[in-house]
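Computation of the quantities below employed the complete heavy-atom set of this structure, encompassing side-chain atoms and omitting hydrogens, waters and symmetry-equivalent molecules.
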Amino acid sequence: MKFVVEGKEFQQQLQAVSKVINAKNTMKILDNFLLRIDGDRLSITGSDSENVLTAFVPIMDVEGDGIIAVPAKRLLEITKEIANQPLTFSINEETYEIDLGFLNGHFNFMGTNGADYPEPRQISDEKIELLLPSSMVLKGLNNTAYAVSNEVSRPVMTGIFWDIHETDVTFVSSDTHKLVKYVNAEKAPGVEASFILPGKTAGIMRSLIAKEDADVKLSFDSRGCMFEFGDFFLYSVFINGNYPNYNRVIPANNPFSLVADRASLINALRRVNLFAPKSSNLVVLSLSESEVLFSAQDLDYGTSAEERVACEYSGNQMNIGFNGVFMVEILSNMDDDTIRLSLSDPARPGIYSGIEPRQGESLITIQMPMQVL
């Protein structure tokens with residue numbers, strides 16, 4: 001088995017596929033890339049047993065066909081040093097010895113029988129197939145990924161909930177402290193379905209779809225899905241369980257409204273956060289008609305900070321506490337220059353939104369308040 005591949009493109013695809021491979025695997029074979037000759041192109045596959053990512057790269061001067069598993073770390077290290085030239089792979093199909101030739105030399109190392117590499121589960125015949133614009137998928141993931149929970153004791157919260165309707169796709173994530181609901185109606189799916197996509201899978205997709213302009217083909221059944229886009233196939237097992245009713249968490253009536261410049265809020269919060277208690281990151285918002293006063297106090301160290309930001313506020317004067325770090329995170333993941341924070345009372349969640357309507361899109365984020373002593 002022999003082929004020639006352009007080093008730079010090959011190395012880029014290896015880097016992409018490596019995102020799915022865990023640092024430590026329960027199955028030794030998963031420490032490898034699976035290389036497979038497929039006509040005039042080479043497929044590169046990586047897996048963590050629940051996610052399987054395959055990338056394709058064109059090859060030349062092909063002799064024979066077959067598969068081989070190659071140590072991922074070693075191949076990444078080698079190709080990083082010789083990426084800007086053609087690479088010639090000569091593989092002994094009986095001993096799995098690999099000779100990698102380049103301009104002024106060659107490397108010799110061992111691979112493994114690729115037949116031992118696990119295949120992804122096939123999507124059932126009862127699958128649902130959708131073709132969604134890459135921009136629609138990417139916006140959904142970008143707007144929600146940051147709010148995914150890391151708490152493994154509640155696995156359903158460690159993923160992004162795709163709530164697919166006839167006219168739109170709603171993306172939802174929550175870590176119980178904050179919740180993001182993003183609705184995109186750029187293309188009507190025409191079906192009703194839902195699933196929970198693992199946070200790791202979402203992260204891989206975000207890094208890859210950003211480079212692609214093509215549509216994303218999505219095929220899924222009750223257990224998992226296959227995404228096809230550009231030069232990539234990504235299979236993922238869904239998180240099993242029922243996602244909470246997110247609409248019940250969103251307050252129906254928050255009559256008080258704070259409107260302010262997003263960048264000014266972020267900058268002030270970052271400074272005040274330096275003096276907030278590390279255990280809670282509590283920042284108190286004192287609201288009046290033309291300004292909001294941010295204040296924080298760390299009693300353990302005897303430090304405090306205050307900063308005023310101009311705003312337009314309509315509602316009762318109140319003091320309400322929020323986690324300042326989460327506030328910065330929420331505001332930093334919004335695109336609007338001017339934002340609205342809708343409130344009701346100090347014990348109820350605040351709702352963040354932009355003031356300008358989005359055609360075919362809507363984004364709201366809620367944050368749970370904290371008790372002000």
Side-chain angles (χ1 to χ4, degrees), residues 1-60 62 64-80 83 87 89-93 96-98 100 109-123 197-198 200-209 211-212 214 216-220 223-238:
M1 187 165 65
K2 185 178 180 180
F3 61 87
V4 178
V5 63
E6 283 297 329
K8 185 175 182 179
E9 187 173 0
F10 182 56
Q11 206 267 339
Q12 288 175 341
Q13 297 297 69
L14 289 175
Q15 288 283 1
V17 174
S18 69
K19 298 177 188 298
V20 79
I21 300 176
N22 288 333
K24 294 183 179 180
N25 293 289
T26 54
M27 299 173 60
K28 190 67 177 175
I29 191 69
L30 297 182
D31 292 337
N32 296 268
F33 291 120
L34 179 68
L35 304 185
R36 184 193 304 269
I37 291 179
D38 183 14
D40 60 353
R41 65 178 186 172
L42 181 74
S43 70
I44 308 163
T45 298
S47 175
D48 63 2
S49 76
E50 293 188 345
N51 297 283
V52 182
L53 177 61
T54 298
F56 297 91
V57 62
I59 52 178
M60 305 163 286
V62 181
D65 56 20
I67 57 176
I68 187 169
V70 184
K73 184 178 179 180
R74 179 174 294 279
L75 193 55
L76 284 167
E77 291 173 344
I78 290 173
T79 54
K80 183 179 179 181
L87 307 177
F89 282 79
S90 300
I91 301 168
N92 187 315
E93 296 178 58
Y96 309 113
E97 183 179 3
I98 302 169
L100 196 168
F109 54 99
M110 295 300 296
T112 309
N113 186 356
D116 299 330
Y117 206 89
E119 292 285 340
R121 186 186 69 84
Q122 296 299 309
I123 306 295
L197 188 71
K200 177 178 178 178
T201 312
I204 294 169
M205 290 189 65
R206 290 175 68 200
S207 67
L208 299 180
I209 295 180
K211 305 171 186 176
E212 304 296 335
V216 176
K217 181 181 179 181
L218 169 59
S219 307
F220 64 96
R223 295 178 57 192
C225 63
M226 175 70 78
F227 295 97
E228 301 177 37
F229 51 95
D231 293 323
F232 299 98
F233 285 7
L234 175 59
Y235 172 81
S236 178
V237 176
F238 293 145

Are the side chains of Leu234 and Val52 in touch, meaning some heavy atoms are under 4.5 Å apart?
no

Given the rule in the ring-ring contact (aromatic ring centres under 6.0 Å, His included) test, do Phe89 and Phe10 qualify, once you have shown the distances and angles that lead to the verdict?
CA-CA 12 Å; Phe89 282 79; Phe10 182 56; 5.5 Å; yes

Is the side chain of Asn32 donor-acceptor paired with the backbone N or O of Leu34 at a distance under 3.5 Å, no angle test?
no

Worked check of side chain to side chain donor-acceptor pair (under 3.5 Å) between Asn51 and Lys19
CA-CA 10 Å; Asn51 297 283; Lys19 298 177 188 298; over 6 Å; no

Student check: side-chain heavy atoms of Ile91 and Tyr96 closer than 4.5 Å:
no

Evaluate the side chain to side chain donor-acceptor pair (under 3.5 Å) criterion for residues Ser43 and Thr54: first the C-alpha distance (whole Å), next the side-chain angles of each, then the deciding distance (0.1 Å), finally the verdict.
CA-CA 6 Å; Ser43 70; Thr54 298; over 6 Å; no

What is the distance from atom OG of Ser49 to atom CG of Asn25, rounded to the nearest 0.5 Å?
8.0 Å

Distance col, row Phe3:CZ vs Met60:CE, nearest 0.5 angstrom, shows 10.5 Å

Without swapping roles, check the side chain of Thr201 against the backbone of Leu197 for a donor-acceptor pair under 3.5 Å.
no

Any side-chain heavy-atom pair from Leu14 and Phe33 closer than 4.5 angstrom?
yes

Are Arg41 and Glu6 close enough, and set up right, to give a salt bridge (Lys or Arg N to Asp or Glu O under 4.0 Å), and what steps lead you there?
CA-CA 11 Å; Arg41 65 178 186 172; Glu6 283 297 329; over 6 Å; no

What distance separates Glu228 CD from Phe233 CZ, expressed to the nearest 0.5 Å?
4.0 Å

More than 12 heavy atoms of other residues, nucleotides or ligands under 6.0 Å from NZ of Lys2: yes or no?
no

Whether Arg223 and Glu50 form a salt bridge (side-chain N of Lys/Arg under 4.0 Å from carboxylate O of Asp/Glu) is what I want to check.
no

Kindly say whether Ile67 contributes a backbone atom to a donor-acceptor pair with the side chain of Tyr117 at under 3.5 angstrom?
no

Does a salt bridge link Asp48 with Lys200, judged by any charged N lying under 4.0 Å from a carboxylate O?
yes

Checking side chain to side chain contact (heavy atoms under 4.5 Å, CB included) against Phe227, which of Leu208, Leu53, Ile209, Val216 comes through?
Val216

Would you find more than 12 non-hydrogen atoms of other residues, nucleotides or ligands less than 6.0 Å from Arg121 atom CZ?
yes

May I ask you to decide if Phe56's main-chain N or O and Gln13's side chain share a donor-acceptor pair within less than 3.5 Å?
yes

